[in-house]
Amino acid sequence: MSGRRVRVATVPGQTQRWGAEQVLALAPDVASQRVARVLAAPSRWREAGRGPAPGRSEDDPPVLWGLCRGGAGTAYQTIADLAEPAYHCSCPSRKVPCKHALALMLVWSGGFVPAAEAPEWVTGWLAGQQERRRRTAARAARGPAGAGGPDLPPSKAAQRRAERVDGGVEELDRWLSDQVRQGLAAATRAGYAHWDAMAARLVDAQAPALASTVRRLASVAGSPDRLLTELSLIRLLVAGYRRIDEVPADLAATIRSRIGFPVATDDVLAGPRVRDRWAVVALSETYDERLTVRRCWLRGTATDRPALILTFAAPGQSVPADLVLGTAIEADLCFYPGAVPLRALVAVRHCGLGPCPAPPGAVAVAAALDSYAGALAAEPWLDRWPVLLAGVTPVTDGGGRWHLRDEAGDAVPVEPALGPPWRLVATAGGGPVTVAGEWSSAGLRPLTAWTDGRAVAL
Amino acid sequence: VTPWSELIAAALVGTDRRPLPDADDSAVAVLDRAAAWGVYRRAGAPPVRGLDPPRPAPADPRPVVGPAAAERLAGLLAAVTDGGGRMALVAEWLTVADERGWRVPPEWLPDLLDAGRRHPVLRPLVVAAGGGRAVWLAGQSPEWTYAVDVPPAPAADDRDPATWREGTTGQRAGHLAAVRREDAAAGRALLAREWPAIGPDERTRLLPMLRTGLGPDDEDFLEAALDDRRREVRVVAADLLAALPGSAYNRRMADRVRAALRPEGGVLTVRPPPECDASMIRDGIVARPPAGVGARAWWLEQILARAPLDAPGGPTPELVATASTVDDWTWTVHRGLARAAAVRRDPTWAAALVDRLAERTDARDRHLTDGLYGALAPGELAGRAVAAATAEPGPETLRRLESLLAHVAPPWPDDLSAAVAGWIEVAARGRLGNRLHGLCGLAATGLAPRWAASTRAMADRLRAEAPSAPAGFALERLAGTLEVRHDMIEELTR
């Protein structure tokens with residue numbers, strides 16, 4: 001384990017330039033990437049320079065600036081503060097970062113931006129940014145404005161909502177019993193409409209998370225074994241909600257979020273902060289009910305703690321991609337309350353992205369399954385658990401089912417619905433690699449593999 | 001504790017019909033007990049044991065390409081999936097990467113193998129640049145077996161006798177070709193044994209497999225096939241016999257040519273066959289001419305197209321190129337010989353005929369000219385392309401240039417690149433401006449990437465002079481593609 005940590009360490013006093021792929025990962029869309037490549041010709045840039053951001057050290061990623069030649073003799077003023085990252089450009093584009101900022105970073109990535117004294121238009125913008133950050137921090141320190149504390153009586157709206165949810169949960173409980181009373185054989189043959197009808201009533205009852213869970217039953221309905229398990233876990237949630245005043249506060253928070261009570265961002269940010277150097281170990285995107293959900297799995301390099309940053313985007317829009325695979329950020333995270341806190345918000349970034357060739361804390365298969373069992377004991381509804389497996393090799397069992405096998409001979413199945421994990425097979429080449437993925441009852445979804453000191457998205 | 005199987009059984013038929021013996025509310029009890037079981041089964045799932053470690057991929061000492069080059073490949077592969085327009089760039093990327101001793105990032109091998117499945121030209125490149133790991137990976141999916149076969153080693157089931165007995169016609173054809181590769185006589189014997197029993201459709205599909213390992217010993221079998229009842233079978237047999245040097249078929253055709261053409265004192269006297277007799281029909285001559293063609297001209301053209309070009313006593317390239325007689329038969333002779341030169345890929349005959357054919361504007365002659373370009377020696381072809389690119393721009397030159405350049409292997413020689421670039425710039429200013437997309441498309445792969453800067457300058461000049469010139473877009477696209485290729489090679493050089 002110590003050997004791996006040594007490789008992570010960066011050379012002190014020397015800022016590492018990013019690779020082109022790391023820069024392009026920040027692009028809001030593919031079109032921007034393409035244009036940025038064209039604009040990244042050094043001949044298009046004048047007075048380009050780099051320097052440390054105010055209040056930061058030489059080791060931190062720098063601030064870049066330059067003038068990019070546009071059409072008809074104009075030039076755009078472009079600034080990229082890589083530590084944040086934050087961008088400024090005088091061009092009319094509303095994309096962040098715009099093609100000019102991307103191109104400037106590409107030019108820097110190619111080694112064509114010299115160290116220089118920042119001109120006034122750069123220092124002015126940096127000062128404004130600093131002031132804005134100071135105000136935000138002050139607001140956060142004051143705590144969530146206007147939110148009622150736990151001692152205050154709940155508002156009328158909250159009370160009305162609680163009554164509606166109570167009604168919906170009671171109806172759901174009767175519905176669950178009816179399924180089992182009448183027999184699942186009928187339900188396994190029922191179409192989507194059967195599940196959607198109950199889900200729609202739960203949406204009306206303002207229990208959206210519960211509604212999605214019921215809607216997802218359609219995907220397991222073909223297997224009586226899985227269907228009964230999922231129904232019973234919903235029933236467990238209903239039973240937990242009935243006793244919400246008796247269970248520990250963390251578990252109560254989990255139950256409330258699984259029902260679909262919203263948690264205010266300000267409340268999360270007012271909670272305790274966990275500072276660490278967080279390695280970005282895996283990224284995945286899913287399409288859930290007309291939303292693109294980007295799941296970014298972090299792992300604290302000192303705390304060895306997993307964290308999940310969720311970002312959402314409407315279809316057609318790109319998800320802001322400021323966390324880049326294979327890098328790490330020094331940051332304070334605030335976790336959403338729960339029995340197994342995973343989802344978190346970035347409260348403060350102390351330093352921007354730095355390279356992180358291989359994350360520490362990878363374990364063998366048995367230890368990963370133990371950690372899952374431990375998490376499940378605290379949170380029985382847990383659907384995805386992040387695992388970081390050390391020295392695993394993709395193997396087939398002869399029947400075409402793929403597994404990841406560690407050096408002790410223990411193996412976990414790869415989620416069959418994903419098809420053969422060819423990218424992982426090719427990357428591993430029949431040898432052991434470190435793999436990050438999401439573990440669920442369906443199997444492992446491999447997301448990242450590390451080879452030759454590179455993080456490979458799968 | 002109620003066993004899980006009992007809970008499932010009760011839940012499936014319904015607790016109304018199958019209540020639990022020890023519960024007041026069986027439905028609630030089933031759910032509560034199933035929850036305990038469910039969490040227990042998930043949390044307690046043991047690791048899978050007893051799987052053998054896989055055969056590792058062979059070591060590849062070459063370094064993996066840099067991040068910029070890898071990113072480029074990823075972008076190109078995405079484009080291949082979209083429409084295939086950038087396949088040529090993927091091919092170039094692989095070629096350059098292999099030449100410079102780089103290894104493909106392993107995670108892209110599955111996409112490359114998929115691309116090779118759709119585009120056979122990529123296959124040898126994928127195997128070369130992908131190295132041992134590509135072949136190792138390809139061996140694990142039936143969809144990629146082509147990569148395992150690229151060093152010619154037929155798939156094992158191809159040579160399985162059961163394939164020949166029970167396979168589909170396509171599988172039988174593959175089996176026959178595989179046997180012919182190893183032992184031509186054994187393959188012929190296999191086909192001859194079955195021949196009386198198989199129907200005409202299958203004969204038509206199987207007979208062409210004799211082209212693999214074709215030799216004089218096949219002649220008797222093929223000669224017999226000329227008497228087959230199905231026309232398609234006879235055509236295949238005639239084509240194979242024509243490809244067999246010294247065959248009786250070729251001698252018969254040469255005799256017919258000698259009877260029809262008399263080279264005497266630098267003049268070619270033409271006497272086309274007076275009738276289409278049974279032996280001509282047996283040798284694959286079609287008696288009925290297409291509309292607008294005289295019957296005797298049609299027979300002569302076919303005889304010339306099927307006869308060997310080097311038969312003693314026949315016409316020579318010098319004679320045909322210089323012969324001064326221009327009578328009604330000249331074009332027929334040229335067409336027939338041009339067809340033979342294109343099929344047999346004879347550069348000398350192609351050179352002798354191509355300029356005469358290129359003057360013609362008939363669609364059939366244009367098609368023949370194109371075939372002759374493909375048969376020309378590379379130097380001859382490039383020389384003619386340079387000549388075309390120094391001609392006055394016009395629709396006819398454009399057409400000829402496109403048809404010539406399609407056959408010149410990239411990268412084009414310097415003098416040709418310069419001539420084409422110059423021609424494009426002149427043409428872009430004129431009335432051909434909106435018809436240059438095809439030519440620019442050819443130049444995008446034919447010009448060496450170092451022409452990127454001058455092409456960009458050309459595009460900028462045109463934009464400045466005539467901002468709405470229709471050629472601007474084609475030129476900018478050309479410059480853009482050349483720049484991509486230039487950058488791509490730079491990335492693989494560092």
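Chain letters run A, B, ... following the sequence lines, proteins first, then strands; residues in each count from 1.
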Name the region of B/R41, side chain, backbone, both or neither, that has any atom closer than 4.5 Å to a heavy atom of chain A. side chain
Top of A/R34, A/Q182, A/R226 for chain B proximity - count of heavy-atom pairs under 4.5 angstrom: A/Q182
CZ of A/R384: more than 12 outside heavy atoms within 6.0 angstrom? yes
Quick one: of B/G44, B/P56, B/G38, who has the most non-hydrogen atom pairs under 4.5 Å with chain A? B/P56
Go through B/V28, B/D32, B/V64 and name the one with the most non-hydrogen pairs under 4.5 angstrom from chain A. B/D32
Does a salt bridge link B/R42 with A/E230, judged by any charged N lying under 4.0 Å from a carboxylate O? yes
Tell me, side chain or backbone of A/A428 under 4.5 Å from chain B's heavy atoms, or both, or neither? backbone
Give, for atom CZ of A/R181 and atom CG of B/D25, the distance between the pair rounded to the nearest 0.5 Å. 5.0 Å
Non-hydrogen atoms of B/Q140 and A/W402 that approach each other most closely: OE1-CH2, 3.4 Å
Part of A/L176 within contact of chain B (heavy atom distance under 4.5 Å): both
Looking at B/A45, B/A10, B/S141, which has the largest count of heavy-atom pairs under 4.5 Å with chain A? B/S141
A quick test of your reading: do over 12 heavy atoms of other residues, nucleotides or ligands sit less than 6.0 Å from CG of B/D22? yes
Flag the one option from A/L227, A/D178, A/L369, A/V365 with the top tally of heavy-atom pairs under 4.5 Å to chain B. A/L369
Looking at chain A, which one of B/P19, B/P53, B/S26, B/G66 has the largest number of heavy-atom pairs inside 4.5 Å, strictly under? B/P53
Taking B/R133 for the side chain and A/A426 for the main chain, is one N or O donor matched with an acceptor at less than 3.5 Å? yes
Which residue out of B/L51, B/L137, B/V484, B/V30 racks up the most heavy-atom pairs below 4.5 Å with chain A? B/L51
Charged N-O contact under 4.0 Å between A/R423 and B/D111: yes
Is the count of non-hydrogen atoms from other residues, nucleotides or ligands lying under 6.0 Å from B/R461 atom CZ greater than 12? yes
Closest heavy-atom pair and its distance - A/P394, B/P54: O-CG, 3.7 Å
Taking CZ in B/R117 as the centre, count heavy atoms belonging to other residues, nucleotides or ligands within less than 6.0 Å. Is the count above 12? yes
How far does CZ of A/R454 sit from CD of B/E107, to the nearest 0.5 angstrom? 4.5 Å
Pick from A/D173, A/V180, A/T229 with the largest number of heavy-atom pairs that fall under 4.5 Å of chain B: A/V180
Considering only heavy atoms, which portion of B/W37 lies under 4.5 Å from any heavy atom of chain A: side chain, backbone, both, or neither? neither
Heavy-atom neighbours of A/R243 CZ exceed 12 at 6.0 Å: no
Return the CH2 to CG distance between B/W4 and A/L228, rounded to the nearest 0.5 Å. 4.0 Å
Interatomic distance, CD@B/E483 vs CZ@A/R37, rounded to 0.5 Å, equals 13.5 Å
Could you have a look at B/I8, B/L109, B/V39, B/L113 and say which one has the most heavy-atom pairs with chain A under 4.5 angstrom? B/I8
Quick one: does A/R405's side chain get under 4.5 Å of B/D52's, heavy atoms only? no
Proximal component of A/S440, with respect to chain B [non-hydrogen, under 4.5 Å]: neither
Let me know if B/P46 has heavy atoms under 4.5 Å from chain A in its side chain, its backbone, both or neither. backbone
Among the options A/V425, A/T393, A/L236, pick out the one with the most heavy-atom pairs lying under 4.5 Å from chain B. A/V425
When heavy-atom pairs shorter than 4.5 Å are enumerated against chain B, which of A/S441, A/A187, A/P413, A/P380 gives the highest number? A/S441
